[in-house]
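Each residue takes its place number in the sequence, starting with 1.
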Amino acid sequence: YLLLMKFLLAALAPLASLAAPDADVVSTLPGYGPVDGLYSGYLNYQLDGRDVSTHYLFTKQAKDSPPSDKLIFWSNGGPGASSFFGFMTEVGPFTVNDDSLNTDDYDRTGVPTVFDNSNSWSNL
């Protein structure tokens, strides 16, 4: 597994500058509002002669941190599971939790409320 992650990082690193085109900018999140420095899109490439599209979610560096900070590559889940779940419930800058269903906004819109995650990697 570790070898696979190293391979993926090495293979995708050259694409990093291409991975966040203006079309992939996320300017608002439902249940949260305006956001800054968030990108979501697809990396299209060939693997073993097949066309592959891999979804990515990129967020800016940690708050008040120098550009020399380490890059974090977060991947969890497995067949049928998404790393987005971990991003929104564990280490990402936002969180959805039980309180997300107990807000006036949720009662009004039916969209769970997204909160800032005080335990995010970006706050360490």
Would you tabulate the side-chain donor-acceptor contacts of residues 26-34 under 3.5 Å, counting partners in other chains and residues two or more places apart, or write 'none'?
{"from": "Y32", "atom 1": "OH", "to": "D116", "atom 2": "OD1", "distance (Å)": "2.5"}

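With rounding to the nearest 0.5 Å, the separation of CG in N117 from CE in M88 is 9.5 Å. In this structure, OH in Y39 is found 7.5 Å from CG in D22, a value given to the nearest 0.5 Å.
Residues F94 and V35 are in side-chain contact: their nearest non-hydrogen atoms beyond the backbone lie under 4.5 Å apart. The shortest side-chain heavy-atom distance between Y106 and S100 does not fall under the 4.5 Å cut-off. Looking at F87 and P93, their side chains come closer than 4.5 Å, going by heavy atoms from C-beta outward.
Y42 belongs to no hydrophobic cluster with other residues, because no ILVMFWY side-chain heavy atom falls under 4.5 Å from its own, directly or through intermediates.
Of all heavy-atom pairs spanning V96 and T89, the tightest one is O-CG2, 3.8 Å.
L43 is connected to V52 through a chain of hydrophobic side-chain contacts under 4.5 Å among Ile, Leu, Val, Met, Phe, Trp and Tyr, so both are in one cluster.
Listed by chain and residue number, T103 satisfy the side chain to side chain donor-acceptor pair (under 3.5 Å) test with T113 (two or more places apart in sequence, or in another chain).
Summarising the local packing, CG of D107 is surrounded by more than 12 heavy atoms from other residues, nucleotides or ligands at distances under 6.0 Å.
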